[in-house]
Amino acid sequence: MCDFDPSSSRYITGKISQIASSWVAPMWVEKVVIENIRCFENEELIFTKDSTRTGKPIQGSKAAPYQWITLLGENGVGKSTFLQALALLLSGPEAAKELLPSAPGWVRDSSKAGRLSATLHKDDLDGGSFGAEKIRKTFSYSYFVTGDQPIKIRLGKTEGVTVYTEPVLVENNSKELGWLRTNAFASRSQGWFAVGYGAFRRLTRDSRVIIPSLAAPKRYSNFATQFNESEPLSSFEQWMVHLDYRIAKDRDKDAERMFEIGRKTITKVLPGDVKILGVSSEGHIIFDVNGYQVSSISLSDGFRSVIALAGDLIWRLLQAFPEIEDPTLQASGVVLIDELDIHLHPSWQREIAGWLKSVFPKLQFFIATHSPLVAAGGGVDSLVLKLEMKDGLVQVKKVENIYALDADQVLMSPAFGLESTHSPETQEKIDRYFQLGKIRGRLDKQEESDYEQLSVFMKEAKPFGTHPEPDSLEARMDDFLNENLPFLKKVLP
């Protein structure tokens with residue numbers, strides 16, 4: 001629970017106990033700075049919407065957030081590093097040191113410290129008070145990261161210089177961070193929810209007996225899978241078994257409410273006709289999948305991946321907001337997901353962003369993906385950032401307007417930058433066909449034979465499907481109409 005700054009004359013120091021049962025003020029990430037960390041030299045990323053007047057992101061008390069941020073880029077360009085850096089910032093100093101007890105390899109240039117900084121936004125009076133009549137909605141703070149060379153760091157304006165000789169994470173002392181570590185980053189703080197998921201998300205396949213209790217999550221555990229690939233997301237399943245035990249033993253009404261929220265929410269994020277029937281004596285959830293009873297231990301990796309992610313998120317929201325009737329719909333916070341598309345069939349990749357945004361409408365999502373379907377699925381009101389490696393350093397660029405493109409168009413847009421979506425072998429044949437076609441009247445005997453074989457390939461394989469061949473008259477007409485139709489619609493009666 002949060003304690004207000006005792007220096008404020010406007011509020012009484014004490015625990016916040018009057019959280020609305022139907023609404024939680026938005027909490028979200030406004031800005032992140034990563035400096036001298038791995039492949040990042042100095043990048044500032046802002047996640048607020050642009051001003052219609054200046055075209056630049058609005059920051060501060062009047063800022064409005066993007067609630068879906070998509071990170072794109074090839075392997076090894078820093079997407080996971082960014083998500084881990086944000087996890088360390090959102091977890092708070094104590095939890096961050098549990099997640100990253102030492103930091104070998106994090107600093108790019110060991111002759112100077114690396115730095116992670118964040119600005120969090122909280123749209124409510126419980127955002128924090130710092131003196132009489134002064135209400136703060138944004139909180140900026142930072143950590144230093146040291147390398148394997150001795151380095152001197154001054155932590156705070158009034159403190160002396162400290163020498164660090166090992167790779168470690170240390171917080172830069174400030175009034176804002178001091179307030180946050182007590183009121184926002186404590187395990188039981190309300191209104192500052194954040195959670196992160198690594199790429200290896202899965203339910204455990206071990207059998208278990210019913211457990212009579214389940215410990216509440218600690219702050220660091222919200223991000224454990226981002227730093228430990230072997231960590232299973234079994235909390236939701238254990239929690240549902242625990243609730244079933246409480247219902248059967250004591251007819252616990254609160255347990256019935258939470259079990260029903262878990263059952264309904266999981267059903268919303270799973271495709272097809274899927275329902276939760278109950279739990280087994282072995283400690284697994286029993287599902288009805290298109291008329292067949294299937295234990296969670298026997299579900300496909302795609303089902304298990306979605307259940308592990310969404311189920312864990314449901315459980316943590318209910319633990320973080322016990323006074324809210326349904327926090328999946330009403331609670332705000334930040335969710336980090338690395339490789340959202342993993343294990344998902346393309347039909348699920350196409351839908352997953354919409355499912356998550358509709359089921360958890362007040363959460364801010366940061367997701368990394370290699371899927372054009374997931375990238376486009378973020379919709380018109382999303383921020384798409386592409387990470388590119390230039391001369392060994394990451395550059396981050398905003399990608400515009402991919403939400404209306406099909407998968408091939410997204411892949412060949414600046415979002416992914418592919419030259420072709422055909423296999424290399426097929427593309428070689430297509431290129432050769434057009435190359436020979438341009439000099440058709442001057443082909444030698446071997447080239448003429450090659451062209452005839454390639455013509456048969458083009459006719460039978462139809463590599464462009466129903467689309468016209470590039471540079472054909474039909475293709476040029478289509479390009480002209482696509483380019484000029486908006487103008488013609490305006491000028492023609």
Side-chain angles (χ1 to χ4, degrees), residues 68-87 99 195-206 221-237 265-266 268-272 274 285 287 289 294 296-316 334-360 363-379 382 384-387 402 407 410-411 415-416 418 421:
W68 188 271
I69 297 95
T70 303
L71 305 175
L72 304 177
E74 295 183 13
N75 294 317
V77 297
K79 300 187 299 299
S80 295
T81 293
F82 168 79
L83 291 175
Q84 286 184 326
L86 185 50
L99 294 167
V195 62
Y197 300 98
F200 296 90
R201 305 177 294 275
R202 63 191 184 280
L203 294 168
T204 179
R205 290 193 181 274
D206 296 333
S221 74
N222 285 13
F223 307 91
T225 62
Q226 287 186 261
F227 297 85
N228 183 358
E229 296 177 356
S230 63
E231 186 78 17
L233 292 172
S234 58
S235 296
F236 173 71
E237 191 165 30
T265 308
I266 282 294
K268 291 177 183 178
V269 297
L270 291 175
V274 180
I285 303 172
F287 291 85
V289 182
V294 183
S296 56
I297 202 171
S298 301
L299 290 170
S300 70
D301 283 337
F303 273 102
R304 292 165 58 79
S305 176
V306 173
I307 294 168
L309 169 64
D312 188 83
L313 181 52
I314 294 164
W315 172 66
R316 292 182 190 277
V334 182
V335 181
L336 319 176
I337 310 175
D338 201 357
E339 296 193 34
L340 177 56
D341 51 292
I342 199 165
H343 295 309
L344 301 185
H345 184 275
S347 63
W348 292 22
Q349 293 178 26
R350 181 172 174 265
E351 301 278 2
I352 188 66
W355 291 338
L356 292 174
K357 290 197 297 180
S358 64
V359 174
F360 306 102
L363 298 179
Q364 183 186 41
F365 286 89
F366 289 80
I367 68 103
T369 184
H370 293 291
S371 167
L373 295 167
V374 173
S382 64
V384 181
L385 301 175
K386 182 180 181 181
L387 283 65
I402 64 169
V410 173
L411 287 170
F416 286 84
L418 268 66
T421 56

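One is the number of the first residue; the rest follow in order along the sequence. Just so it is clear, the model here is predicted, and its values are computed rather than measured.
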Spacing of [X] atom [atom1] and [Y] atom [atom2] [to the nearest 0.5 Å]:
X    : Y    : atom1 : atom2 : answer
I367 : T70  : CD1   : OG1   : 4.0 Å
S80  : F227 : OG    : CZ    : 10.5 Å
F366 : L385 : CZ    : CG    : 9.0 Å
I307 : L270 : CD1   : CG    : 5.0 Å
I314 : F360 : CD1   : CZ    : 4.5 Å
L340 : L373 : CG    : CG    : 11.5 Å

Pair F200, I342 - check side-chain contact (heavy atoms from CB on, under 4.5 Å), show working. CA-CA 8 Å; F200 296 90; I342 199 165; 5.5 Å; no

Is it the case that the side chain of [X] and the backbone of [Y] share a donor-acceptor pair, with hydrogens and angles ignored and the cut-off at 3.5 Å?
X    : Y    : answer
S298 : V294 : no
K79  : G73  : yes
Y197 : L313 : yes
E339 : H370 : no
T369 : A375 : no

Any side-chain heavy atom of S296 sitting closer than 4.5 Å to one from E237? yes

Answer yes or no: is there a side-chain heavy-atom contact under 4.5 Å between L336 and Q84? no

Distance-minimising heavy-atom pair for [X] and [Y]:
X    : Y    : value
R304 : I297 : NH1-CA, 3.5 Å
A353 : G377 : CB-O, 3.4 Å
I337 : L83  : O-CD1, 3.8 Å
D338 : A368 : OD1-CB, 3.5 Å
F223 : A87  : CD2-CB, 3.6 Å
L344 : G302 : CD2-O, 4.0 Å

Give me the ring orientation class for W68 and F365: parallel if the planes are under 30° apart, tilted from 30 to 60°, perpendicular past 60°. tilted

Hey, can you tell me if W355 and W348 have their rings parallel, tilted or perpendicular (30° and 60° cut-offs)? perpendicular

Please report the C-alpha distance between V289 and L299 in whole Å, then the side-chain angles of each, then the deciding distance to 0.1 Å, and finally whether the side-chain contact (heavy atoms from CB on, under 4.5 Å) criterion is met. CA-CA 9 Å; V289 182; L299 290 170; 4.0 Å; yes

side-chain contact (heavy atoms from CB on, under 4.5 Å) between V335 and L356, worked out: CA-CA 11 Å; V335 181; L356 292 174; over 6 Å; no

